[in-house]
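Report on the following structure.
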Amino acid sequence: MVATKQVSVKDGDVLLLVGTMKGLFLFRSGSARRRWEMGGPHFPGLSVYAAAYDGRERRRRLWAAPQSMHWGAELVSSDDFGRRWDRPESPRVKFPEASGASLANIWQIAPGPPEEPDSLYCGAQPAALFESRDAGKTWSLNEGLWNHPHRARWVPGGGGLCLHTILADPAGRGRLTVAVSAAGVYRSEDRGRKWASRNKGVRAEFLPDKHPEFGQCVHKIVQHPSRPDRLFLQNHWGLYRSDDGGDSWKDVARGVPSDFGFCMAMHPHDPDTVFILPIESDGFRCTPEGKLRVYRTRDAGKSWKPLARGLPQKDAFETVLRDAMSLDRLDPAGVYFGTRSGKVFASRDEGRSWELVREGLPPVVSVKAAVVTLPKRRRRAA
Amino acid sequence: MPVEVSIPGPLRPFARNQSRVALETRAATVEDALAELWSLYPGLKDRVGTEDGRIRPHVNVFVNADNVRDLDGMATRLPAACEIAILPAISGG
């Protein structure tokens, strides 16, 4: 029997949800972010590609998507930081029987727009969007995207045909943007009823037509709430920015050792600052030159600067996957990432310096950072 | 026709923590017996099977010592008294 260690989360703590191939680990630290306490593994033996913290409407809810090779994937929640997980008899997220599809995995759990504090989204494999309007009690398949005429021609990337990124419009326009590997970016203007591909300018290096309408292998897109029409995109070869909500994309890969990579993370307060971690190539999916370097732009992609202080710079053949980098919302912001070799690194000064939080974990597939605000009556510890 | 179903450890929370469930059944086939099991413990259905009704690829169902995949699958007829075992396949990494 695997012993699962619990952590006592206090008001103002920074929480890292670290999903691995063998379970979910929780790290907590005070706002100084100097010492990290580790809890877990939750769901030992199961992969956890998606996790999220929902602190809206005075909730303190963890969401996770453990996936068993035997018994399938499901969406579970906890209101006490993992002491008990709510696992309904009937899984929350499942395909309608008539769809002929079966849920293989959940790749993303994302909050809805600010004006809908009870809305949540899930990105699934096979590629589909699920939505909840009641804070996660009930879920339904987004039929608009599922019935899109392109879907029959989407093809899986190395990780499977998955919907891995969901961006709800922070400006209250009902816009929803998703990314699918390997189909590309799709956008809805009407809260998910109709969808259109948004891949103009994004190349598909692995196809004869390098600029198809869809079929791109987009690895991650990010958005800042203060500039909702500006998006950044890390592609399977290619690094892009859009200033028109994805209508068109411009290459911004100047000054990076490779424009191949998986992860990308947005600064919480500065819409010009983005973090990436370049990978050598799709043939050799490791950090270039054996150096583990995060790259940061502070000018919206005009230039990129390597951030390596405290990170291994010799024989460090690491891989960081698409959801394995995250920032907290403190000032200065903390930056966190996990590697396939089971290491978690943290920076409390926006990437200027780094420290190893933990090594020896199972391969890390997702990292999500959150700052916890507890209701007043519970502020001592949860 | 007495049929006992053995429940794998990870799924026992969905069967009131029982390791074995005795079905008071007239089920003629594996499919009938599992349908009865699902009606008693609905949480097992979605874990053993997929949304479209197939047994999950890394799950095996045995009637006594025989894997139903080697027999007639879900249409396999049940002998007069038997045990149905739901077992995780050897897989992982």
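The structure displayed is predicted, hence computed values, not measured ones. Naming: A, B, ... by sequence-line order, numbering from 1 per chain.
- Taking the six-membered ring wherever Trp is involved, the centroid distance between the rings of A/F345 and A/F337 falls below 6.0 Å.
- For the options A/S90, A/G100, A/P91, heavy-atom pairs under 4.5 Å to chain B are most numerous at A/P91.
- For A/A101, the part lying near chain B is the backbone, with the side chain staying farther off; criterion is any non-hydrogen pair under 4.5 Å.
- Looking at B/P57, there are no atoms closer than 4.5 Å to chain A (heavy atoms on both sides), in backbone or side chain.
- Between A/Y49 and A/W107, a ring centre-to-centre spacing shorter than 6.0 Å is recorded.
- Salt bridge absent: A/E280 and A/R285 never bring a charged side-chain N and a carboxylate O closer than 4.0 Å.
- Interface remark: B/L44 contributes no atoms to any contact with chain A (heavy atom separation under 4.5 Å).
- Both the sub-6.0 Å distance and the 45° axial angle are satisfied by B/R47 relative to the ring of B/F14.
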